[in-house]
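The structure appears right after this line, and notes come after that.
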Number of protein chains: 2
Amino acid sequence: MQKKNVSELNPNVSVDCVIFGFDLEKLNVLVIDRGENELAENVRLALPGNLIYNNENLEQAAYRVLEELTSLKDIYLEQIGAFGDPNRICKEADRAWLKSIRAEPEARVITVAYFSLVKMEDYMPHAASFAKNAAWIPADEIKDLAFDHYDILQAARNKLKEKIKIQPIGFNLLPEKFTLSQLHKLYESILDKELDKRNFRRKVQKLDILTNLNEKQEGVPHKPSELYKFNEEKYQELTQNGYDNFGF
Amino acid sequence: MQKKNVSELNPNVSVDCVIFGFDLEKLNVLVIDRGENELAENVRLALPGNLIYNNENLEQAAYRVLEELTSLKDIYLEQIGAFGDPNRICKEADRAWLKSIRAEPEARVITVAYFSLVKMEDYMPHAASFAKNAAWIPADEIKDLAFDHYDILQAARNKLKEKIKIQPIGFNLLPEKFTLSQLHKLYESILDKELDKRNFRRKVQKLDILTNLNEKQEGVPHKPSELYKFNEEKYQELTQNGYDNFGF
DNA sequence: TTTGAAAGTGTAAAAATGACACACAGACCA
DNA sequence: TGGTCTGTGTGTCATTTTTACACTTTCAAA
(Lines give C-alpha, C1' and ligand atoms only; values in the text may rest on other atoms or scores of the structure.)
Protein backbone atom coordinates (compact mmCIF):
# COMPACT_ATOMS: atom_id res chain seq x y z
CA MET A 1 0.00 0.00 0.00
CA GLN A 2 1.31 3.42 -0.87
CA LYS A 3 2.40 5.84 1.78
CA LYS A 4 -0.44 8.20 2.58
CA ASN A 5 -0.13 11.88 2.01
CA VAL A 6 -1.44 13.17 5.30
CA SER A 7 -2.87 16.38 3.93
CA GLU A 8 -5.18 14.75 1.43
CA LEU A 9 -8.93 14.77 1.76
CA ASN A 10 -10.48 11.80 3.46
CA PRO A 11 -13.14 10.48 1.10
CA ASN A 12 -15.32 9.05 3.86
CA VAL A 13 -15.67 11.77 6.45
CA SER A 14 -17.08 15.25 6.18
CA VAL A 15 -18.11 17.99 8.57
CA ASP A 16 -21.21 20.14 8.22
CA CYS A 17 -21.93 23.31 10.12
CA VAL A 18 -25.21 24.69 11.33
CA ILE A 19 -24.37 28.35 11.73
CA PHE A 20 -26.93 30.20 13.79
CA GLY A 21 -27.45 33.92 13.77
CA PHE A 22 -30.02 36.10 15.49
CA ASP A 23 -31.38 39.21 13.78
CA LEU A 24 -32.90 40.48 17.04
CA GLU A 25 -36.20 39.04 15.91
CA LYS A 26 -35.68 35.39 15.12
CA LEU A 27 -33.16 32.65 14.71
CA ASN A 28 -31.45 32.40 11.32
CA VAL A 29 -29.28 29.79 9.71
CA LEU A 30 -26.54 30.31 7.17
CA VAL A 31 -27.10 28.08 4.16
CA ILE A 32 -25.46 27.60 0.81
CA ASP A 33 -27.49 28.00 -2.33
CA ARG A 34 -26.24 25.49 -4.87
CA GLY A 35 -28.04 27.20 -7.75
CA GLU A 36 -30.89 26.20 -9.94
CA ASN A 37 -29.24 23.79 -12.34
CA GLU A 38 -31.20 20.59 -12.30
CA LEU A 39 -31.96 21.10 -8.65
CA ALA A 40 -35.45 21.02 -7.28
CA GLU A 41 -36.37 24.01 -5.17
CA ASN A 42 -36.39 22.13 -1.89
CA VAL A 43 -32.84 20.88 -2.14
CA ARG A 44 -31.12 23.91 -3.57
CA LEU A 45 -30.11 24.86 -0.08
CA ALA A 46 -27.49 22.98 1.90
CA LEU A 47 -25.50 23.41 5.05
CA PRO A 48 -21.92 24.48 4.57
CA GLY A 49 -19.63 21.51 4.87
CA ASN A 50 -16.79 19.63 3.35
CA LEU A 51 -14.65 16.53 3.49
CA ILE A 52 -12.00 16.61 6.16
CA TYR A 53 -8.27 16.54 5.59
CA ASN A 54 -6.43 13.58 7.01
CA ASN A 55 -4.18 15.75 9.11
CA GLU A 56 -6.78 17.89 10.82
CA ASN A 57 -9.08 16.97 13.65
CA LEU A 58 -12.83 17.24 13.36
CA GLU A 59 -13.16 20.48 15.21
CA GLN A 60 -10.40 22.05 13.16
CA ALA A 61 -12.22 20.97 10.04
CA ALA A 62 -15.39 22.63 11.25
CA TYR A 63 -13.51 25.82 12.05
CA ARG A 64 -11.94 25.67 8.61
CA VAL A 65 -15.29 25.34 6.87
CA LEU A 66 -16.62 28.19 8.95
CA GLU A 67 -13.68 30.43 8.26
CA GLU A 68 -13.51 29.64 4.56
CA LEU A 69 -17.12 30.67 4.30
CA THR A 70 -17.35 33.63 6.62
CA SER A 71 -13.77 34.68 7.38
CA LEU A 72 -14.82 34.56 11.03
CA LYS A 73 -12.58 33.13 13.71
CA ASP A 74 -12.98 32.42 17.41
CA ILE A 75 -16.56 31.40 17.02
CA TYR A 76 -18.59 29.35 19.47
CA LEU A 77 -18.64 25.84 18.08
CA GLU A 78 -19.94 22.60 19.45
CA GLN A 79 -20.33 19.13 18.09
CA ILE A 80 -23.83 17.87 17.47
CA GLY A 81 -22.92 14.34 16.55
CA ALA A 82 -22.23 12.03 13.65
CA PHE A 83 -24.73 11.28 10.92
CA GLY A 84 -23.95 8.22 8.91
CA ASP A 85 -26.95 6.65 7.30
CA PRO A 86 -25.77 4.82 4.17
CA ASN A 87 -28.75 6.36 2.38
CA ARG A 88 -28.18 9.89 3.52
CA ILE A 89 -27.21 10.77 -0.05
CA CYS A 90 -30.30 9.35 -1.61
CA LYS A 91 -31.95 12.32 -3.26
CA GLU A 92 -31.35 12.19 -7.00
CA ALA A 93 -30.49 15.87 -7.13
CA ASP A 94 -27.83 15.40 -4.48
CA ARG A 95 -26.18 12.57 -6.35
CA ALA A 96 -26.11 14.59 -9.54
CA TRP A 97 -24.64 17.55 -7.74
CA LEU A 98 -21.96 15.48 -6.07
CA LYS A 99 -21.02 13.97 -9.39
CA SER A 100 -20.60 17.47 -10.80
CA ILE A 101 -18.11 18.49 -8.13
CA ARG A 102 -16.20 15.41 -7.15
CA ALA A 103 -17.32 12.48 -9.22
CA GLU A 104 -17.69 9.94 -6.44
CA PRO A 105 -21.35 9.83 -5.54
CA GLU A 106 -21.00 6.18 -4.59
CA ALA A 107 -18.60 6.78 -1.72
CA ARG A 108 -19.91 6.20 1.77
CA VAL A 109 -19.63 9.47 3.60
CA ILE A 110 -20.41 9.95 7.21
CA THR A 111 -20.60 13.50 8.42
CA VAL A 112 -19.89 15.05 11.76
CA ALA A 113 -22.14 18.00 12.41
CA TYR A 114 -21.29 21.09 14.43
CA PHE A 115 -23.35 24.08 15.34
CA SER A 116 -21.88 27.49 15.78
CA LEU A 117 -23.18 30.77 17.05
CA VAL A 118 -22.37 33.94 15.19
CA LYS A 119 -23.12 37.57 15.85
CA MET A 120 -25.02 38.34 12.67
CA GLU A 121 -23.70 41.88 12.57
CA ASP A 122 -20.24 40.41 12.06
CA TYR A 123 -21.30 38.67 8.88
CA MET A 124 -24.02 40.44 6.98
CA PRO A 125 -25.02 39.94 3.35
CA HIS A 126 -23.85 43.37 2.28
CA ALA A 127 -20.31 42.87 3.58
CA ALA A 128 -17.61 42.45 0.96
CA SER A 129 -16.65 39.13 2.52
CA PHE A 130 -20.17 37.69 2.33
CA ALA A 131 -20.10 34.64 0.10
CA LYS A 132 -22.17 35.14 -3.03
CA ASN A 133 -23.94 31.84 -2.70
CA ALA A 134 -24.56 32.02 1.04
CA ALA A 135 -27.68 33.35 2.70
CA TRP A 136 -29.18 33.80 6.12
CA ILE A 137 -32.58 32.12 6.26
CA PRO A 138 -34.97 32.19 9.22
CA ALA A 139 -34.73 28.78 10.82
CA ASP A 140 -38.50 28.38 10.92
CA GLU A 141 -38.83 28.92 7.19
CA ILE A 142 -36.54 26.08 6.24
CA LYS A 143 -38.67 23.15 5.17
CA ASP A 144 -36.10 20.95 3.50
CA LEU A 145 -32.42 20.86 2.69
CA ALA A 146 -29.99 18.77 0.69
CA PHE A 147 -28.90 15.31 1.85
CA ASP A 148 -29.91 14.74 5.47
CA HIS A 149 -29.20 18.35 6.35
CA TYR A 150 -32.73 19.00 7.46
CA ASP A 151 -32.35 16.31 10.11
CA ILE A 152 -29.06 17.83 11.13
CA LEU A 153 -30.68 21.22 11.45
CA GLN A 154 -33.36 19.85 13.73
CA ALA A 155 -30.75 18.08 15.83
CA ALA A 156 -28.85 21.35 16.03
CA ARG A 157 -31.90 23.23 17.22
CA ASN A 158 -32.55 20.63 19.88
CA LYS A 159 -28.97 20.69 21.01
CA LEU A 160 -29.02 24.45 21.20
CA LYS A 161 -32.25 24.32 23.18
CA GLU A 162 -30.81 21.91 25.70
CA LYS A 163 -27.55 23.77 25.93
CA ILE A 164 -29.02 27.16 26.55
CA LYS A 165 -31.00 25.77 29.44
CA ILE A 166 -27.70 25.07 31.12
CA GLN A 167 -25.23 27.67 29.90
CA PRO A 168 -25.68 31.25 28.79
CA ILE A 169 -24.26 30.62 25.34
CA GLY A 170 -26.94 32.84 23.82
CA PHE A 171 -24.68 35.82 24.30
CA ASN A 172 -22.64 34.59 21.37
CA LEU A 173 -25.60 35.46 19.17
CA LEU A 174 -26.15 38.99 20.41
CA PRO A 175 -24.24 42.17 19.67
CA GLU A 176 -21.97 43.47 22.41
CA LYS A 177 -24.67 45.82 23.62
CA PHE A 178 -28.19 44.54 23.81
CA THR A 179 -31.46 45.12 25.57
CA LEU A 180 -33.24 42.76 27.90
CA SER A 181 -36.07 42.54 25.39
CA GLN A 182 -33.67 41.32 22.75
CA LEU A 183 -32.28 38.74 25.12
CA HIS A 184 -35.81 37.76 25.98
CA LYS A 185 -36.78 37.31 22.36
CA LEU A 186 -33.64 35.28 21.77
CA TYR A 187 -34.55 32.83 24.51
CA GLU A 188 -38.08 32.57 23.20
CA SER A 189 -36.80 31.88 19.70
CA ILE A 190 -34.44 29.18 20.83
CA LEU A 191 -36.74 27.53 23.35
CA ASP A 192 -39.67 27.95 21.00
CA LYS A 193 -42.04 29.04 23.70
CA GLU A 194 -43.22 32.21 25.34
CA LEU A 195 -41.58 33.29 28.56
CA ASP A 196 -43.24 35.70 30.93
CA LYS A 197 -41.52 39.05 30.66
CA ARG A 198 -41.23 39.84 34.32
CA ASN A 199 -40.25 36.37 35.37
CA PHE A 200 -37.65 36.26 32.64
CA ARG A 201 -36.13 39.53 33.74
CA ARG A 202 -36.11 38.49 37.35
CA LYS A 203 -34.28 35.31 36.50
CA VAL A 204 -31.71 37.07 34.37
CA GLN A 205 -31.07 39.58 37.10
CA LYS A 206 -30.49 36.88 39.61
CA LEU A 207 -27.92 35.20 37.39
CA ASP A 208 -25.91 38.35 37.88
CA ILE A 209 -23.96 38.08 34.67
CA LEU A 210 -25.09 41.30 33.01
CA THR A 211 -23.54 44.71 33.29
CA ASN A 212 -25.84 47.66 32.87
CA LEU A 213 -24.04 50.04 30.53
CA ASN A 214 -26.15 53.00 31.66
CA GLU A 215 -26.77 53.81 28.04
CA LYS A 216 -30.09 53.94 26.30
CA GLN A 217 -31.25 52.92 22.88
CA GLU A 218 -31.57 55.85 20.52
CA GLY A 219 -33.93 56.58 17.69
CA VAL A 220 -36.61 54.16 18.70
CA PRO A 221 -40.21 55.39 18.51
CA HIS A 222 -40.98 54.41 22.06
CA LYS A 223 -39.44 54.49 25.50
CA PRO A 224 -35.78 53.66 24.91
CA SER A 225 -34.43 50.55 26.51
CA GLU A 226 -31.36 50.30 28.68
CA LEU A 227 -28.36 48.58 27.18
CA TYR A 228 -26.48 45.74 28.81
CA LYS A 229 -23.46 43.63 28.09
CA PHE A 230 -22.59 40.12 29.08
CA ASN A 231 -20.10 40.02 31.92
CA GLU A 232 -17.81 37.13 31.18
CA GLU A 233 -15.63 37.57 34.23
CA LYS A 234 -18.59 37.30 36.54
CA TYR A 235 -19.79 34.26 34.68
CA GLN A 236 -16.41 32.53 34.99
CA GLU A 237 -16.32 33.40 38.66
CA LEU A 238 -19.74 31.93 39.26
CA THR A 239 -19.12 28.73 37.35
CA GLN A 240 -15.75 28.16 38.94
CA ASN A 241 -17.31 28.44 42.35
CA GLY A 242 -19.65 25.67 41.39
CA TYR A 243 -22.70 27.71 40.51
CA ASP A 244 -24.96 25.54 38.53
CA ASN A 245 -28.28 27.00 37.68
CA PHE A 246 -28.46 29.05 34.51
CA GLY A 247 -31.56 27.17 33.53
CA PHE A 248 -34.65 28.49 31.82
CA MET B 1 -12.67 3.01 -9.98
CA GLN B 2 -13.98 -0.42 -9.23
CA LYS B 3 -17.54 -0.94 -8.19
CA LYS B 4 -17.75 -0.93 -4.41
CA ASN B 5 -18.85 -3.98 -2.58
CA VAL B 6 -21.30 -2.44 -0.17
CA SER B 7 -20.71 -4.90 2.59
CA GLU B 8 -17.02 -4.26 2.94
CA LEU B 9 -15.50 -2.59 5.96
CA ASN B 10 -14.95 1.12 5.77
CA PRO B 11 -11.30 1.73 6.65
CA ASN B 12 -11.89 5.21 8.02
CA VAL B 13 -14.82 4.93 10.36
CA SER B 14 -15.29 2.84 13.48
CA VAL B 15 -17.74 2.69 16.34
CA ASP B 16 -16.81 2.18 19.97
CA CYS B 17 -19.20 1.30 22.75
CA VAL B 18 -19.13 2.30 26.37
CA ILE B 19 -21.25 -0.40 27.93
CA PHE B 20 -22.39 0.49 31.43
CA GLY B 21 -23.55 -1.98 34.01
CA PHE B 22 -24.54 -1.53 37.64
CA ASP B 23 -23.72 -4.19 40.21
CA LEU B 24 -26.08 -2.60 42.77
CA GLU B 25 -23.05 -0.94 44.29
CA LYS B 26 -21.28 1.01 41.61
CA LEU B 27 -21.10 1.73 37.93
CA ASN B 28 -19.14 -0.73 35.83
CA VAL B 29 -17.89 -0.65 32.26
CA LEU B 30 -17.37 -3.59 29.95
CA VAL B 31 -13.87 -3.55 28.53
CA ILE B 32 -11.81 -5.80 26.33
CA ASP B 33 -8.51 -7.13 27.60
CA ARG B 34 -6.14 -7.31 24.67
CA GLY B 35 -3.70 -9.49 26.55
CA GLU B 36 -0.20 -8.96 27.82
CA ASN B 37 1.83 -9.30 24.66
CA GLU B 38 3.95 -6.23 24.26
CA LEU B 39 1.24 -4.13 25.87
CA ALA B 40 1.87 -1.93 28.82
CA GLU B 41 -0.51 -2.45 31.69
CA ASN B 42 -2.36 0.81 31.22
CA VAL B 43 -3.39 0.16 27.64
CA ARG B 44 -4.23 -3.50 27.81
CA LEU B 45 -7.84 -2.54 28.22
CA ALA B 46 -9.93 -1.07 25.42
CA LEU B 47 -13.54 -0.33 24.69
CA PRO B 48 -15.26 -2.77 22.40
CA GLY B 49 -15.44 -1.37 18.92
CA ASN B 50 -14.87 -2.05 15.28
CA LEU B 51 -14.81 -0.60 11.81
CA ILE B 52 -18.21 -0.12 10.27
CA TYR B 53 -19.51 -1.86 7.19
CA ASN B 54 -20.37 0.34 4.27
CA ASN B 55 -23.94 -0.84 4.16
CA GLU B 56 -24.88 -0.35 7.80
CA ASN B 57 -25.66 2.86 9.59
CA LEU B 58 -23.76 3.96 12.63
CA GLU B 59 -26.31 2.84 15.16
CA GLN B 60 -26.61 -0.54 13.50
CA ALA B 61 -22.85 -0.87 13.71
CA ALA B 62 -22.95 -0.10 17.42
CA TYR B 63 -25.71 -2.66 17.96
CA ARG B 64 -23.67 -5.17 15.99
CA VAL B 65 -20.56 -4.64 18.10
CA LEU B 66 -22.67 -4.96 21.21
CA GLU B 67 -24.37 -8.11 20.09
CA GLU B 68 -21.21 -9.75 18.79
CA LEU B 69 -19.68 -9.23 22.18
CA THR B 70 -22.54 -9.91 24.55
CA SER B 71 -25.26 -11.61 22.48
CA LEU B 72 -27.59 -9.00 23.93
CA LYS B 73 -30.24 -7.29 21.83
CA ASP B 74 -32.70 -4.50 22.41
CA ILE B 75 -30.31 -2.57 24.55
CA TYR B 76 -30.52 1.08 25.42
CA LEU B 77 -28.03 2.82 23.14
CA GLU B 78 -27.25 6.44 22.51
CA GLN B 79 -24.66 8.28 20.53
CA ILE B 80 -22.03 10.20 22.44
CA GLY B 81 -20.36 11.83 19.48
CA ALA B 82 -17.51 11.50 17.04
CA PHE B 83 -13.87 11.43 18.06
CA GLY B 84 -11.44 12.12 15.29
CA ASP B 85 -8.15 13.46 16.44
CA PRO B 86 -5.51 12.45 13.87
CA ASN B 87 -3.28 11.48 16.77
CA ARG B 88 -5.81 9.42 18.61
CA ILE B 89 -3.81 6.34 17.68
CA CYS B 90 -0.54 7.64 19.00
CA LYS B 91 0.38 5.21 21.71
CA GLU B 92 3.07 2.86 20.46
CA ALA B 93 1.36 -0.16 21.92
CA ASP B 94 -1.82 0.69 20.06
CA ARG B 95 -0.02 0.96 16.74
CA ALA B 96 1.66 -2.36 17.30
CA TRP B 97 -1.60 -3.98 18.21
CA LEU B 98 -3.40 -2.57 15.19
CA LYS B 99 -0.62 -3.85 12.95
CA SER B 100 -1.08 -7.28 14.41
CA ILE B 101 -4.76 -7.43 13.54
CA ARG B 102 -5.22 -5.45 10.41
CA ALA B 103 -1.93 -4.12 9.18
CA GLU B 104 -2.99 -0.56 8.50
CA PRO B 105 -1.91 1.48 11.49
CA GLU B 106 -1.39 4.49 9.26
CA ALA B 107 -5.04 4.82 8.26
CA ARG B 108 -6.93 7.78 9.59
CA VAL B 109 -9.79 6.43 11.63
CA ILE B 110 -12.47 8.52 13.20
CA THR B 111 -14.70 6.77 15.63
CA VAL B 112 -18.28 7.35 16.59
CA ALA B 113 -18.87 6.50 20.22
CA TYR B 114 -22.06 5.14 21.76
CA PHE B 115 -22.96 4.34 25.29
CA SER B 116 -25.31 1.59 26.23
CA LEU B 117 -26.97 0.48 29.42
CA VAL B 118 -27.09 -3.20 30.29
CA LYS B 119 -28.65 -5.09 33.14
CA MET B 120 -25.52 -6.75 34.49
CA GLU B 121 -27.43 -9.83 35.52
CA ASP B 122 -28.10 -10.44 31.83
CA TYR B 123 -24.42 -10.63 31.06
CA MET B 124 -22.29 -11.93 33.87
CA PRO B 125 -18.74 -13.29 33.68
CA HIS B 126 -19.75 -16.82 34.61
CA ALA B 127 -22.27 -17.11 31.77
CA ALA B 128 -21.33 -19.38 28.90
CA SER B 129 -21.75 -16.50 26.50
CA PHE B 130 -19.39 -14.19 28.37
CA ALA B 131 -16.49 -13.33 26.09
CA LYS B 132 -13.21 -14.69 27.43
CA ASN B 133 -11.38 -11.44 26.96
CA ALA B 134 -14.11 -9.15 28.24
CA ALA B 135 -14.47 -7.90 31.80
CA TRP B 136 -16.64 -5.65 33.89
CA ILE B 137 -14.49 -3.03 35.59
CA PRO B 138 -15.72 -0.42 38.07
CA ALA B 139 -15.79 2.86 36.17
CA ASP B 140 -13.94 4.68 38.90
CA GLU B 141 -11.04 2.25 38.80
CA ILE B 142 -10.27 2.81 35.16
CA LYS B 143 -7.28 5.12 34.92
CA ASP B 144 -6.33 4.70 31.28
CA LEU B 145 -7.40 2.84 28.20
CA ALA B 146 -6.16 2.19 24.69
CA PHE B 147 -6.28 4.89 22.02
CA ASP B 148 -8.43 7.81 23.15
CA HIS B 149 -10.86 5.47 24.87
CA TYR B 150 -10.32 7.05 28.23
CA ASP B 151 -11.56 10.37 26.84
CA ILE B 152 -14.51 8.59 25.33
CA LEU B 153 -15.31 6.99 28.66
CA GLN B 154 -15.31 10.35 30.38
CA ALA B 155 -17.53 11.81 27.68
CA ALA B 156 -19.85 8.85 28.14
CA ARG B 157 -20.08 9.40 31.87
CA ASN B 158 -20.88 13.06 31.35
CA LYS B 159 -23.49 12.27 28.77
CA LEU B 160 -25.07 9.71 31.06
CA LYS B 161 -25.05 12.21 33.89
CA GLU B 162 -26.81 14.83 31.81
CA LYS B 163 -29.26 12.35 30.39
CA ILE B 164 -30.35 10.86 33.66
CA LYS B 165 -31.18 14.31 34.94
CA ILE B 166 -33.81 14.49 32.25
CA GLN B 167 -35.02 10.95 31.62
CA PRO B 168 -35.30 7.92 33.87
CA ILE B 169 -32.99 5.81 31.73
CA GLY B 170 -31.36 4.42 34.85
CA PHE B 171 -33.96 1.68 34.92
CA ASN B 172 -32.12 0.05 32.04
CA LEU B 173 -29.31 -0.67 34.47
CA LEU B 174 -31.39 -2.26 37.21
CA PRO B 175 -32.91 -5.70 37.45
CA GLU B 176 -36.66 -5.96 36.95
CA LYS B 177 -37.23 -5.85 40.69
CA PHE B 178 -35.20 -3.43 42.73
CA THR B 179 -35.28 -1.54 45.96
CA LEU B 180 -35.37 2.20 46.42
CA SER B 181 -31.96 2.04 48.01
CA GLN B 182 -30.54 0.42 44.92
CA LEU B 183 -32.10 3.07 42.76
CA HIS B 184 -30.74 5.67 45.12
CA LYS B 185 -27.23 4.27 44.93
CA LEU B 186 -27.48 4.14 41.15
CA TYR B 187 -28.28 7.82 40.95
CA GLU B 188 -25.46 8.64 43.32
CA SER B 189 -23.02 6.59 41.25
CA ILE B 190 -24.02 8.26 38.02
CA LEU B 191 -24.29 11.79 39.33
CA ASP B 192 -21.18 11.28 41.44
CA LYS B 193 -22.61 13.02 44.45
CA GLU B 194 -24.56 12.18 47.55
CA LEU B 195 -28.30 12.61 47.50
CA ASP B 196 -30.31 12.94 50.67
CA LYS B 197 -32.20 9.72 51.24
CA ARG B 198 -35.54 11.19 52.19
CA ASN B 199 -35.50 13.86 49.56
CA PHE B 200 -34.55 11.32 46.94
CA ARG B 201 -37.38 9.01 47.89
CA ARG B 202 -39.89 11.82 47.95
CA LYS B 203 -38.86 12.91 44.49
CA VAL B 204 -39.06 9.42 43.09
CA GLN B 205 -42.48 8.95 44.61
CA LYS B 206 -43.72 12.11 43.02
CA LEU B 207 -42.54 10.97 39.59
CA ASP B 208 -45.10 8.23 39.98
CA ILE B 209 -43.37 5.78 37.67
CA LEU B 210 -42.75 2.98 40.12
CA THR B 211 -45.01 0.09 40.99
CA ASN B 212 -44.70 -1.35 44.45
CA LEU B 213 -44.62 -5.10 44.01
CA ASN B 214 -45.60 -5.72 47.63
CA GLU B 215 -42.75 -8.13 47.91
CA LYS B 216 -39.84 -7.90 50.26
CA GLN B 217 -36.19 -8.71 49.93
CA GLU B 218 -35.31 -12.04 51.50
CA GLY B 219 -32.24 -13.26 53.27
CA VAL B 220 -30.79 -9.88 54.04
CA PRO B 221 -29.35 -9.41 57.53
CA HIS B 222 -31.41 -6.32 58.22
CA LYS B 223 -34.89 -5.00 57.70
CA PRO B 224 -35.89 -6.22 54.26
CA SER B 225 -36.67 -3.62 51.66
CA GLU B 226 -39.76 -3.43 49.55
CA LEU B 227 -39.34 -4.28 45.89
CA TYR B 228 -40.45 -2.06 43.04
CA LYS B 229 -40.50 -2.21 39.30
CA PHE B 230 -40.36 0.54 36.74
CA ASN B 231 -43.77 1.27 35.27
CA GLU B 232 -43.17 1.98 31.63
CA GLU B 233 -46.83 2.56 30.76
CA LYS B 234 -47.14 5.28 33.37
CA TYR B 235 -43.94 6.85 32.16
CA GLN B 236 -45.14 6.90 28.55
CA GLU B 237 -48.42 8.35 29.69
CA LEU B 238 -46.73 11.13 31.61
CA THR B 239 -44.29 12.05 28.88
CA GLN B 240 -46.94 12.02 26.20
CA ASN B 241 -49.02 14.41 28.22
CA GLY B 242 -46.10 16.77 28.24
CA TYR B 243 -44.73 16.02 31.66
CA ASP B 244 -41.28 17.39 31.78
CA ASN B 245 -39.52 17.15 35.06
CA PHE B 246 -37.71 13.92 35.81
CA GLY B 247 -34.72 15.87 36.96
CA PHE B 248 -32.38 15.15 39.83
C1' DT C 1 -31.62 -11.29 74.04
C1' DT C 2 -28.66 -8.32 72.31
C1' DT C 3 -26.33 -6.26 68.46
C1' DG C 4 -25.56 -4.62 63.93
C1' DA C 5 -27.23 -2.80 59.59
C1' DA C 6 -30.04 -0.89 56.47
C1' DA C 7 -35.19 0.51 55.79
C1' DG C 8 -38.46 3.71 56.24
C1' DT C 9 -40.71 7.94 57.58
C1' DG C 10 -42.23 13.93 58.44
C1' DT C 11 -41.64 18.70 59.11
C1' DA C 12 -40.33 23.35 58.91
C1' DA C 13 -37.76 27.12 56.71
C1' DA C 14 -36.05 28.97 52.49
C1' DA C 15 -36.03 29.43 47.69
C1' DA C 16 -38.00 29.27 43.20
C1' DT C 17 -41.81 29.59 40.22
C1' DG C 18 -45.92 31.24 37.98
C1' DA C 19 -49.56 34.38 37.28
C1' DC C 20 -50.81 38.88 36.70
C1' DA C 21 -51.60 44.94 35.35
C1' DC C 22 -50.34 49.51 34.98
C1' DA C 23 -47.45 53.81 34.66
C1' DC C 24 -43.57 55.68 31.80
C1' DA C 25 -40.76 57.72 27.95
C1' DG C 26 -40.09 58.97 23.61
C1' DA C 27 -41.59 59.49 18.50
C1' DC C 28 -44.89 60.80 15.55
C1' DC C 29 -48.86 63.06 13.89
C1' DA C 30 -52.81 66.10 13.66
C1' DT D 1 -48.96 71.33 21.97
C1' DG D 2 -51.56 67.78 23.00
C1' DG D 3 -52.94 63.12 21.97
C1' DT D 4 -51.85 58.55 20.45
C1' DC D 5 -49.00 54.71 19.70
C1' DT D 6 -45.55 51.42 21.10
C1' DG D 7 -42.49 48.95 23.63
C1' DT D 8 -40.06 49.53 28.48
C1' DG D 9 -39.95 48.61 33.12
C1' DT D 10 -41.57 47.33 37.59
C1' DG D 11 -43.84 44.27 42.48
C1' DT D 12 -46.59 41.06 44.93
C1' DC D 13 -48.79 37.13 46.38
C1' DA D 14 -49.88 32.15 46.28
C1' DT D 15 -48.00 27.83 45.22
C1' DT D 16 -44.53 24.60 44.55
C1' DT D 17 -40.03 22.94 45.17
C1' DT D 18 -35.95 22.37 47.63
C1' DT D 19 -33.08 21.68 51.52
C1' DA D 20 -31.70 20.15 55.96
C1' DC D 21 -32.25 17.07 59.46
C1' DA D 22 -33.07 12.20 63.42
C1' DC D 23 -35.32 8.47 65.15
C1' DT D 24 -37.90 4.01 65.04
C1' DT D 25 -38.44 -0.48 62.67
C1' DT D 26 -37.25 -5.08 61.02
C1' DC D 27 -34.57 -8.89 60.33
C1' DA D 28 -30.34 -12.02 60.81
C1' DA D 29 -26.55 -13.41 63.32
C1' DA D 30 -24.04 -13.93 67.38
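Order of the sequence lines sets the chain letters (A, B, ...), proteins ahead of strands, with each chain counted from 1.
Residues passing the side-chain hydrogen bond (donor to acceptor under 3.5 Å, both in side chains) test with B/Glu188, sequence neighbours excluded: B/His184.
Straight-line distance from the NZ atom of B/Lys206 to the P atom of D/dT19: 11 Å, rounded to whole Å. Separating the NZ atom of B/Lys203 from the C1' atom of D/dT17 is a distance of 8 Å, rounded to the nearest angstrom. What separates CD of A/Glu218 from C1' of C/dA25 is a distance of 14 Å, to the nearest Å. Summarising the geometry, the separation between NZ on A/Lys165 and P on C/dT17 is reported as 14 Å, rounded to the nearest angstrom. Rounded to a whole Å, the CG atom of B/Asp196 is 11 Å from the C1' atom of D/dA22. Spacing between atom CZ of B/Arg198 and atom C1' of C/dA12 amounts to 12 Å, rounded to whole angstrom units. A straight line from CZ of B/Phe200 to P of D/dC21 spans 20 Å, rounded to a whole angstrom. A/Glu215 has its CD atom 17 Å from the P atom of D/dT8, to the nearest Å.
A donor atom on one side chain and an acceptor atom on the other are not found under 3.5 Å apart for A/Glu233 and A/Tyr235. Using modelled atom types, one finds no donor on one side chain facing an acceptor on the other under 3.5 Å when comparing A/Glu226 with A/Asn214. Between the side chains of A/Asp23 and A/Asn28, at least one donor-acceptor pair of N or O atoms lies under 3.5 Å.
In terms of polar N and O atoms assigned as donor or acceptor, the side chain of A/Arg202 comes within less than 3.5 Å of the base of C/dG18 in a complementary pairing.
With DNA chain D read from its 5' end, the first of the two nearest nucleotides for B/Gly219 and B/Gly247 is the one closest to B/Gly247.
Using a 4.0 Å cut-off between charged side-chain N and carboxylate O, A/Glu162 and A/Lys159 make no salt bridge. For A/Glu237 and A/Lys234, the salt-bridge test fails: no basic side-chain N is under 4.0 Å from an acidic carboxylate O. A/Glu67 has a carboxylate O that lies under 4.0 Å from a charged side-chain N of A/Lys73, or vice versa, which qualifies the two as a salt bridge. The pair A/Arg157-A/Asp140 counts as a salt bridge, with a side-chain nitrogen and a carboxylate oxygen less than 4.0 angstrom apart.
Axis angle, first five pairs versus last five pairs of the helix from C/dT1-D/dA30 to C/dA30-D/dT1: 0°, rounded to 10°.
Note that the CG atom of A/Leu27 and the CZ atom of A/Phe20 stand 5.5 Å from one another [nearest 0.5 Å].
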Could you list the protein-to-nucleotides 2-8 of chain C atom pairs, N/O on both sides, closer than 3.5 Å?
{"residue": "C/dG4", "atom": "N2", "partner": "B/Pro221", "partner atom": "O", "Å": "2.9"}
{"residue": "C/dA7", "atom": "OP1", "partner": "B/Ser181", "partner atom": "OG", "Å": "2.4"}
{"residue": "C/dA7", "atom": "OP2", "partner": "B/Ser181", "partner atom": "OG", "Å": "3.0"}
{"residue": "C/dG8", "atom": "OP1", "partner": "B/Glu226", "partner atom": "N", "Å": "2.8"}
{"residue": "C/dG8", "atom": "OP2", "partner": "B/Arg201", "partner atom": "NH2", "Å": "2.5"}
{"residue": "C/dG8", "atom": "OP2", "partner": "B/Ser225", "partner atom": "OG", "Å": "3.3"}
{"residue": "C/dG8", "atom": "O5'", "partner": "B/Arg201", "partner atom": "NH2", "Å": "3.3"}
{"residue": "C/dG8", "atom": "N7", "partner": "B/Lys197", "partner atom": "NZ", "Å": "2.8"}
{"residue": "C/dG8", "atom": "O6", "partner": "B/Lys197", "partner atom": "NZ", "Å": "3.2"}

